[in-house]
Amino acid sequence: MRNIWIIWRKELRSYFVSPIAYLLLTMFALIFGFFFWNALGYFVMMGMESQMRGQPMPMNLNEEVIRPLLSNASVIGLFFIPMITMRLFAEEKRSGTIELLVTSPVRDIEIILGKWLAALTMYGCMLLFTALNFAFLFKYGNPDWKPLAIGYLGLLLQAGGLLAIGTFISTLTKNQIIAGAATFGVCLLLWILEWVSGYETAAWAQVLAYMSVITHFESFGKGVLDMKDAIYYLTVIFLGLFFTARSMESLRWRS
Amino acid sequence: MISVKQLTKKYARNLAVDHISFEVQKGQIVGFLGPNGAGKTTTMRMLTCFMPPTSGGATVAGFDVLEQPLEVKKRIGYLPESPPLYPEMETGEYLTFVGRLKGLSGAELKKRVDYVCDRCAVEDVRNKLLGRLSKGYRQRVGLAQAIIHNPDVLVLDEPTAGLDPKQINETRDLIKGLAGDHTIILSTHILPEVEQTCEQVVIISKGKLVATDSVTNLQNRARGAESLLVEVGSRDGAVDSAVVVTRLQQIPGVSRAQLKTTHGDRNVFEVESQKGFVRGELARAVVQAGWDLNELRPAAVSLEEIFLQLTGAEAAGKGAA
């Protein structure tokens, strides 16, 4: 436990002493803020229209602002995750510091968990900025907080899975750019797999759609905690970290 | 302290380390000597549990590298070929991090960081970023991180590579100073380094163990047949070298004599003798024959020659390059 914490602290620190953390936070906040502004603008316009027609429709902040925003956040996340994970192992391998970690009395799994948790924390910090936007909704409106909390849980679970994949890919190369690009490709693929379900209902299409990370976010976005989807994300996290551990082991046999 | 038995590492095709066995006693400095690519780093990486051996094994401080890697790692300090530094960390912060990683905490950690900063003379760069340090400082910080947890065994992979002569001397002195408390294995392909710092030497070439002995023994062993250089001249022009060789070979105790070099009328002969003192006989023989004895000196046997003898000319040629 202590070792995980030591690695976690070191990793998180190295995010925040380099410009990368601030770049990620700024870009994420900016893009999410833009979506928020748009969603709110649309919501206000709809409200005015329905009033002008003289027959006010029931309007719901959760349904019409929070839900689309959360699924937006889950998609933007795909683009940012490679930037969080690409250096985790690639940089240590390039600079040779991996030899220090591996020859210290620390288990591989502690190194991996420390790094992965640091990446997840970094992503969590980015999400904090989105919470700032939602805070306005609570100040001036009256949305339900529970679906929002479940949505955040979903975002974290989804990111956890993708970050685990990114961590694994980072162990495969010494080059951060390659790690980043490969992770981005995989993230994108896991997103668009779902599209086949639009025109195909065969078994293989269902399997592909099931593998897509986006499909499983839908329930969280609605504010429903579906165990099926939670288990999917936990499985992805487990597999990602498991392959990372295998890869680290093979690194030793080969290098 | 360290015991290596039939240690072998096989990469895809080639045998990097081929059934190496040796022992290192507590408190010794052992030079791990070999040309580039001989398998020094691979052996060290197996000792530090960075990679497992293909077959055979090793124990460090009584713990097996395969069975109890965590125990071994606790007792070993390792400086890889390039010091494992994080450029975005400050020296003090880095040493604290490594100390924590090796299991230190609280007041003890602080004490050890202070101690290694002082010991390795990195006190004045304690608040500097590691990425900005000069090569000499980087190497010393690397040494500092290796000894931070006061390990029983220190493994140093080419600790003086890439330093300037002054820094090399400083680093060697530092390593010698550490010898009492720690058992040290240092690898190098620079021979004088072994002669100057090490008590024991392990020579490997192409993954095979060539020799393991104390430095003095090894020198003596090679000197078993003493070799002398004799320069013979003559007042009245050139001497017939064949005649000289024949005369020299008649001296009791001389096993071989041959002409080594000729500079004008100066002839240098190399005379090999069995153990024993033949210099007096030699001098007398030359003078009695009416020649001039211009010079008589032992051909110094350095580790370099032993190294060349042991690893063969081809390997040594690569090492020198």
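Order of the sequence lines sets the chain letters (A, B, ...), proteins ahead of strands, with each chain counted from 1. These values consider heavy atoms only, across backbone and side chains, with no hydrogens, waters or symmetry-generated copies.
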Would you compute the distance between atom [atom1] of [X] and atom [atom2] of [Y] and round it to the nearest 0.5 angstrom?
| X | Y | atom1 | atom2 | value |
| --- | --- | --- | --- | --- |
| Leu79(B) | Thr103(A) | CG | OG1 | 10.0 Å |
| Glu99(A) | Met44(B) | CD | CE | 11.5 Å |
| Ile7(A) | Arg100(B) | CD1 | CZ | 12.0 Å |
| Tyr86(B) | Ser95(A) | OH | OG | 7.0 Å |

Taking side chain as everything from C-beta outward and backbone as N, CA, C, O, which of these in [X] sits under 4.5 Å from a heavy atom of chain A? Side chain, backbone, both or neither.
| X | answer |
| --- | --- |
| Gln145(B) | side chain |
| Glu81(B) | neither |
| Pro69(B) | neither |

Other residues, nucleotides and ligands only: do more than 12 of their heavy atoms fall within 6.0 Å of [atom1] on [X]?
| X | atom1 | result |
| --- | --- | --- |
| Phe243(A) | CZ | no |
| Lys111(B) | NZ | no |
| Lys176(B) | NZ | yes |
| Phe242(A) | CZ | no |

Nearest atoms (heavy-atom pairs only) where [X] meets [Y]:
| X | Y | value |
| --- | --- | --- |
| Leu70(B) | Pro105(A) | CD2-C, 3.7 Å |
| Arg2(A) | Ser105(B) | NH2-CB, 3.6 Å |
| Pro84(B) | Gly96(A) | CB-O, 3.8 Å |
| Leu101(A) | Phe97(B) | CD2-CZ, 4.3 Å |

Neighbours of chain B found in residues 12-36 of chain A - heavy atoms under 4.5 Å: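 The list, in residue order, reads Arg13(A), Ser14(A), Val17(A).
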Considering only heavy atoms, give the residues of residues 153-164 of chain A separated from chain B by less than 4.5 Å, sorted numerically, with 'none' for an empty result.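 The stretch does not come within 4.5 Å of chain B.
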Please look at Glu92(A) and chain B and tell me whether the side chain, the backbone, both or neither of the residue comes under 4.5 angstrom of a heavy atom of that chain.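 Contact with chain B is through the side chain of Glu92(A) alone.
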Going through the checks in order, is the side-chain contact (heavy atoms from CB on, under 4.5 Å) test met by Leu100(A) and Val98(B)? CA-CA 8 Å; Leu100(A) 170 68; Val98(B) 179; 3.9 Å; yes
Start with the C-alpha gap between Val106(A) and Leu101(B), add the side-chain angles, then the distance that decides, and say whether side-chain contact (heavy atoms from CB on, under 4.5 Å) holds. CA-CA 7 Å; Val106(A) 181; Leu101(B) 213 53; 3.8 Å; yes
Whether the side chain of Lys10(A) engages the backbone of Tyr94(B) through a donor-acceptor N/O pair (distance < 3.5 Å, no angle test) should be reported.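 Checking the backbone N and O of Tyr94(B) against the side chain of Lys10(A), no donor-acceptor pair under 3.5 Å is found.
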